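First comes the structure, then the notes that go with it.
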Amino acid sequence: MTQKLQEIFTQFLENKPIFAQRAALTISFTPETIPHREKQIADLGRILAPALRGGKPSNVFIYGRTGTGKSLVSLFVCSELKKAAKGNDIKPIYINCKMKKVADTEYRLLAGLLKELGEDVPFTGLPTDQLYQTLFKKVDEKEQVVLLIIDEIDALVAKTGDEILYNLTRANSELKKAKLALIGITNDLGFIERLDPRIKSSLSEEELLFPPYNAVQLQDILRQRASLAFVPGVLEDGVIEKAAALAAQEHGDARRALDLLRVAGELAERAAEAKVTIKHVDAAQDKIDQDRVLEIVKSQARQSQAVLWAIIQATEGKKAVESGHVFDAYNKICIAHGLKPLTQRRVSDLIAELDLFGIINTKVISRGRGGRTRLISTNLSSLTLTKLKNTLMEIFI
DNA sequence: AGGTATTCACATGAAACTATTCTCTGAGTTAGG
DNA sequence: TAACTCAGAGAATAGTTTCATGTGAATACCTGT
């Protein structure tokens with residue numbers, strides 16, 4: 001066993017390295033320049049500039065789809081701003097509301113904020129308004145401008161309502177020395193329209209839109225990162241173009257593009273090949289898809305997994321099945337595994353949910369006297385499907 | 001033939017119920033003064 | 001005595017069920033040629 005492992009390690013060391021700095025292809029990496037976002041950077045800079053003189057910058061609302069550089073740009077501008085502020089105190093705080101257990105409730109958000117400010121609060125037990133008091137007090141301790149970047153702000157509001165935002169936006173009237181500016185980030189374009197008008201007007205004093213990257217822009221980004229990440233010359237011609245093209249189809253998602261390139265590199269490295277080829281990019285696309293699907297499936301509730309298992313069993317050898325058949329199969333599975341079967345109504349919702357995750361495809365059709373159904377089909381590559389089957393089988397032994 | 005009504009097999013909505021998780025209070029405990 | 005801990009009440013939430021209503025087109029059934 002150990003011998004085998006040692007062999008793997010020596011083998012690894014013998015291979016020509018592919019990565020010079022793999023981290024350059026991850027989301028947490030902050031490059032020195034951000035291509036094709038010059039306008040947004042300048043705009044945000046102008047909006048936040050008053051902070052340099054200790055004034056309160058306008059609240060900003062940033063939207064754009066995933067992987068369009070919203071978080072990156074806001075963090076970048078804020079850190080530059082901090083550098084530029086010599087005498088004045090500027091304190092950027094970044095909070096991501098999508099992260100479970102970090103900031104997905106009002107209490108946790110506030111607790112997280114206080115922690116950033118160096119004030120430890122028990123993770124449960126205190127009344128929320130007391131937290132607000134502590135927060136305001138802490139912020140107001142000295143003359144400073146706090147820039148609160150709330151990422152995925154729509155997730156927060158969806159879970160906890162918009163009261164938090166209201167409380168935070170009116171914080172400034174309670175602060176004497178310090179100033180608090182909010183930077184809300186979301187990829188839900190309709191989000192702001194659904195907000196309470198009072199909050200809407202104060203939160204979006206300024207708005208910034210981040211358009212998706214096109215394939216050419218993605219290529220630029222990839223080239224910049226690839227030159228840092230890879231050993232020169234390991235990328236075959238066309239690899240970057242291919243990765244950019246694939247990501248451009250996914251509404252210009254730069255994160256996706258970087259992932260593709262990174263995974264392609266990893267696959268080449270693991271296969272001990274000297275060059276990263278287009279083949280690897282294709283394989284990477286498949287693998288990312290696979291990982292995503294498996295990740296989602298594993299995190300689903302048992303009932304939802306049972307429904308998916310039923311769908312897969314029912315589709316076996318067919319293009320598509322009707323929801324009625326799936327429900328039958330689901331009931332059998334429940335009996336076989338001692339699960340309490342849910343009602344058809346609920347199963348219908350679970351199916352719709354799986355559709356939303358992109359694991360299955362559904363289409364409501366009417367068959368005249370044959371009634372109305374959902375036609376359900378899986379749209380996964382055969383490799384992914386096999387893996388998925390194995391995963392589900394493990395769950396339902 | 002052309003038009004209307006019926007019917008099927010679920011989809012989709014709303015309300016009600018339930019179990020779990022959060023929030024908050026107050027009593028008990030601890031540690032420092 | 002202030003600060004902390006913890007149990008339990010009550011509120012909020014998420015997950016489901018129950019009941020009700022909606023849907024689109026194949027088919028059955030008319031109706032007048």
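Computed from a predicted model, the values in this text were never measured in an experiment. Here is the naming used below: chain letters follow the sequence lines, and residue numbers restart at 1 for every chain.
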Whole angstrom is fine here: how far is it from CG in A/Asp355 over to P in B/dT12? 10 Å
Quick test of your reading of the model: are A/Arg22 and A/Glu266 salt-bridged, counting only N-O distances below 4.0 Å? yes
For atom CD of A/Gln303 and atom C1' of C/dT17, their distance in whole Å: 13 Å
How long is the line joining NZ of A/Lys363 and C1' of B/dT12, in whole Å? 19 Å
Distance check needed: C/dA20 P versus A/Gln344 CD, whole Å only. 17 Å
State the CD1-CD distance between A/Ile333 and A/Gln303, to the nearest 0.5 angstrom. 10.5 Å
Let me know the distance between CD of A/Glu353 and P of B/dT12, rounded to the nearest Å. 14 Å
Looking only at side-chain atoms of A/Arg369, point me to the closest of B/dC10, C/dA26, C/dT17. C/dA26
Return the orientation label for the A/Phe327 and A/Tyr330 ring planes: parallel under 30°, perpendicular over 60°, tilted otherwise. parallel
What integer distance in Å separates A/Arg302:CZ from B/dT20:P? 16 Å
Select from A/Asp349 and A/Gly368 the residue whose nearest nucleotide in DNA chain B is closer to the 5' end of that strand. A/Gly368
Is A/Ser323 close enough to B/dC10 that one of its side-chain N or O atoms is under 4.0 Å from OP1 or OP2 there? no
Less than 6.0 angstrom separating the ring centers of A/Phe19 and A/Phe230, yes or no? yes
Whether A/Arg374 contacts B/dA11 is assessed here as follows: a side-chain N or O lying under 4.0 Å from the phosphate OP1 or OP2. Is that the case? yes
Between atom CZ in A/Arg345 and atom C1' in B/dA11, what is the gap in whole Å? 8 Å
Considering just the side-chain nitrogens and oxygens of A/Thr343, establish if one lies under 4.0 Å of OP1 or OP2 belonging to C/dT17. yes
Whole angstrom value for the distance that separates P of B/dA9 from CG of A/Leu375: 15 Å
Under 3.5 Å donor-acceptor, A/Arg225 side chain and A/Ala24 backbone: yes
Assuming nearest nucleotide by heavy-atom distance, tell me which of A/Ala352 and A/Gly371 is located more 5' along DNA chain B. A/Gly371
Would you say a side-chain N or O of A/Arg346 is under 4.0 Å from OP1 or OP2 of C/dT16? yes
Indicate whether OP1 or OP2 belonging to B/dT7 is found under 4.0 Å from a side-chain N or O atom of A/Arg372. no
